Number of protein chains: 2
Amino acid sequence: MTVTEDLVFHLLKRYKPSTHNQKQLEIAYLAFIDYLACLSKGLETTKNQAFIKSFGLLGEKKIWFSSYSTTPERLALLQGYLAHYEDLDDVLVTYRGHPSAVIFSALLAVSENDVQLKDFLWSYVQGVELAGRLGQQFQPQHVKEGWHATATIGTLAATAAIGSLKQLSSDCFSQLLSLATSQASGFLYQEGTDGKPLNAGFAARNAVVAYQIIRSGLSAYADPFSSKRGWSQTIIGKALDSKQLLENWLQPSQLEKVGLWFKNYPICSAATAGLEAAQKAFELNLSLSEIESLVIHFTEDGDRALTHRTPQNGIEGKFSIEYITWLGLIKGKVDYSDFSENTVDQAFHQFRNLITRKNDLKASSEKRTICLEIITKEETYSFLVEDPKGSPANPLLEDDIFEKASQLSHGKLDVLFKIKERETLTLGEIKKLLSER
Amino acid sequence: MTVTEDLVFHLLKRYKPSTHNQKQLEIAYLAFIDYLACLSKGLETTKNQAFIKSFGLLGEKKIWFSSYSTTPERLALLQGYLAHYEDLDDVLVTYRGHPSAVIFSALLAVSENDVQLKDFLWSYVQGVELAGRLGQQFQPQHVKEGWHATATIGTLAATAAIGSLKQLSSDCFSQLLSLATSQASGFLYQEGTDGKPLNAGFAARNAVVAYQIIRSGLSAYADPFSSKRGWSQTIIGKALDSKQLLENWLQPSQLEKVGLWFKNYPICSAATAGLEAAQKAFELNLSLSEIESLVIHFTEDGDRALTHRTPQNGIEGKFSIEYITWLGLIKGKVDYSDFSENTVDQAFHQFRNLITRKNDLKASSEKRTICLEIITKEETYSFLVEDPKGSPANPLLEDDIFEKASQLSHGKLDVLFKIKERETLTLGEIKKLLSER
């Protein structure tokens, strides 16, 4: 059995009712609601309305929460982009990427209305599993080299989810994954531009196109995870450790053991601990004029995704620990308007010069710890945050997620919160509940 | 000026009538005819007919030589795939990839009927220039690491051609190239499967989608060729040499100085010299039973693309110097039927064991030299081929290319051979001449 065949064998496991699986599907259901909420929010800007109009004039697939239809591959691209647009969508830290925006967008593009929710969510569980396990082998090298894992590993995760949903033959499934590698690209330098959420859209699109091609009978190299000359050799310069990749698959799953990070703020999750540290400082009523310098401490590569040290607008500000810390210090919170395309306040740029970064905290692949050190004439304050709200060790509870979804969707999603008998629901019935077609 | 802005400045040069430019357009016209011939040939298999049917049921763009229409991005994918399907399409050795299948497919997908042929061909000249110049910096490292340059560099070349044709603003053009990097991927391990020609299709598709997105007003990182953290740093681990990239742009052009390799045989161009060496041996009436061993000599990485040492079918055989040499030795020529999906003849596998490869010839970035050493009981013969027919130093003449195009298209393209006043022709008029719409 090749490495790829072995992987596919694990991905083809069907959902079987058990307490264990039930927990995985519950997390996946929350992730789906959170995904739809982010998607709905992404549709609110004039720019994005124009974008879906320009991409949405023909085809059989309706864009959710809109009146436009389009082709399956455009649907995946658009919805992946929209769901990741505000950077409010969930994160899996082992993968160092956004699972739901990519995987659900790909799955929706290839799903008919008669698909049962439990099969749909189960294939998502499988996609997340691959994302986390590839991430454990690729990271942090992958992000250090400048790749955006949402785009690269994300393409493979979404493809795995499609293959699992469609229960392809082992041979077709292997070739499907292969055509995913042929398309997976995307770089961190897109942060602060629409290129960042587009990476999620491209990843979902890549998975859908790989599926369309395999379905129409074309072939591809059958062992992209080959230990001799596979994808990872070119991308990270070494073969995958197939034992580590597959051992104890879903037992426990990445969703349970690592946990999703449901986001409360429209900022890069790597900065969340910094915002909360600044909020602590705000509560002490520290005046900005007293501060002589400010040091932000990270783990060795904890600030790799925070590429903007001096952001010029709010979109870049999502990826600036300096900007986010400043917001926390001056008002104890952040608002959506802080992260628009508008120019950043001049007052930030004055304060900016007091800030330096250090990478001297103990490394961790499952936390994104930040320590804020504030030096005034009289004193040095230190604010350490290891587990900000929303992160797996300090998670948003179900009610928090519903509250977020309700707010972002202006109540449109409330109908999904109380459903008990989910197992037998179909996607078509969910659309009907939301008055979508 | 950033590196990307500087590049875009060069790409935006318009066509100006001069003897020099005229020569470039003439080569481009031959390449276009050769491209259409390969596209026409690619449509002949039942499998590919089914593929275009499954992808071609809606949209405003007609697939050439067929009755189907589709979306622009699907057109680019399909035609890139079809034109590269038989591996009969042209090669640029500095790039180590196939320029026309990718660039023309992308250009046709975004061109309206009123586009003048001279502008269309000129943007192709620009795309090829970038392909060759990126190749000079990426190769041979890129191919050694397993990347398929047709897919990676090809995406950028096709995107540059589109930006040049559309005469985008410098800012939009830079962001267009940026969204190309977000999608460019593809690996050599696809050789011997449909995944190889699909790489050409993906590259063309990527360029078209980047254009669709920029046209609808979204943003992207504006300096993907940044000397600090650009595309090449992640892909090949070093910044581009911007001087080498841009110095003497088009003076002379890659099309004139390096030259296109127009292919005579449906095999990897890296094997062509080997086929001709075997044909020389065939002419000496050497019997296979006399041969005790056979050594095939290459430059250091000259056989990198010849990934199949023991091909199982004819498609893999396109990338097997062992198979191609054997065909040359037994019959002095190759036929299309030798490279079908059928299983390779058992007699090959017996002979295969006598063959070894050596990489001991002097390196050259512009030649693909092969020396065949045949050892019999009595004697050792040596057949060196440096410039096989079709390669830039021993090119197919215009009449040879017309002859090839006529054969591959069953005469459909003959009407394009005699046109004198090409400058003022439009794409729509060419389609009319070919009775396409």
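Letters A, B, ... are given to chains in the order of the sequence lines, protein chains preceding strands, and every chain is numbered from 1. Owing to the predicted nature of the structure, the values given are computational and were not obtained by experimental measurement.
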Check: Taking the six-membered ring of B/Y189 as reference, does the NZ or CZ atom of A/R229 fall below 6.0 Å from its centre and within a 45° cone about the axis?
Finding: no
Checklist line | Max heavy-atom pair count under 4.5 Å with chain A, selected residue of B/F55, B/W147, B/Y221 | finding: B/Y221
Checklist line | Interchain contact, B/S54 with chain A, by part (heavy-atom threshold 4.5 Å) | finding: side chain
Margin query: Less than 3.5 Å apart, any donor N or O on the side chain of B/H84 or B/T150 sitting next to an acceptor on the other?
Written below: no
Note to self: Below 4.5 Å, heavy-atom pairs only: which of A/K53, A/R205, A/E341 has the largest tally toward chain B?
What the structure shows: A/R205
Next item on the list: Tell me yes or no: between the side chains of B/E44 and B/N48, is some donor less than 3.5 Å from an acceptor?
Entry: no
Check: With only heavy atoms counted, which part of B/T307 is less than 4.5 Å from chain A, the side chain, the backbone, both or neither?
Finding: side chain
Checklist line | Contact class of A/L77 relative to chain B, heavy atoms under 4.5 angstrom | finding: side chain
Check: Can you say whether A/S226 sits under 4.5 Å from chain B via the side chain, the backbone, both, or neither, judging by heavy atoms?
Finding: neither
Next item on the list: For the residue pair B/S178 and A/Q190, confirm or rule out a side-chain donor-acceptor distance under 3.5 Å.
Entry: yes
Notebook entry, point to check: Is it the side chain or the backbone of B/L198 that comes within 4.5 Å of chain A heavy atoms, both, or neither?
Noted result: side chain
Check: Given the options A/T71, A/L179, A/T181, which has more heavy-atom pairs under 4.5 Å with chain B than any of the others?
Finding: A/T181
Note to self: As an exercise: rank A/G195, A/S182, A/A220 by heavy-atom pairs under 4.5 Å with chain B and give me the winner.
What the structure shows: A/S182
Check: Looking at A/S219, A/A151, A/G146, which one has more heavy-atom pairs under 4.5 Å with chain B than the rest?
Finding: A/S219
Check: Do NZ/NE/NH1/NH2 and the carboxylate oxygens of A/D87 and A/K318 come within less than 4.0 Å?
Finding: no
Notebook entry, point to check: So what's closer than 4.5 Å to chain A heavy atoms on B/F202: side chain, backbone, both or neither?
Noted result: side chain
Next item on the list: Would you mind checking which part of B/I235 comes under 4.5 Å of any heavy atom in chain A, side chain (CB onward), backbone (N, CA, C, O), both or neither?
Entry: side chain
Margin query: Looking at B/Q183, is its backbone amide N or carbonyl O close enough to the side chain of A/Q183 to form a donor-acceptor pair, meaning the two atoms are under 3.5 Å apart?
Written below: no
Next item on the list: Measure distances from A/E73 to the heavy atoms of chain B and classify the residue's part below 4.5 Å as side chain, backbone, both or neither.
Entry: side chain
Check: Which answer fits B/R74, side chain, backbone, both or neither, if we ask what part of it has an atom under 4.5 Å from a heavy atom of chain A?
Finding: side chain
Notebook entry, point to check: With a cut-off of 6.0 Å (strictly less than), are more than 12 heavy atoms of other residues, nucleotides or ligands near NZ of A/K47?
Noted result: yes
Checklist line | Full working for side-chain hydrogen bond (donor to acceptor under 3.5 Å, both in side chains) between B/D171 and B/S169 | finding: CA-CA 5 Å; B/D171 197 38; B/S169 70; 5.7 Å; no
Next item on the list: Tell me, for A/N206 versus chain B, whether the close heavy atoms (under 4.5 Å) come from the side chain, the backbone, both or neither.
Entry: side chain
Margin query: What part of B/A184 gets within 4.5 angstrom of chain A, counting heavy atoms only: side chain, backbone, both, or neither?
Written below: backbone
Note to self: Donor-acceptor check, side chain of A/Q312 to backbone of A/T310, threshold 3.5 angstrom: yes or no?
What the structure shows: yes
Note to self: For a 4.5 angstrom cut-off between non-hydrogen side-chain atoms, does B/Q141 reach B/K238?
What the structure shows: yes
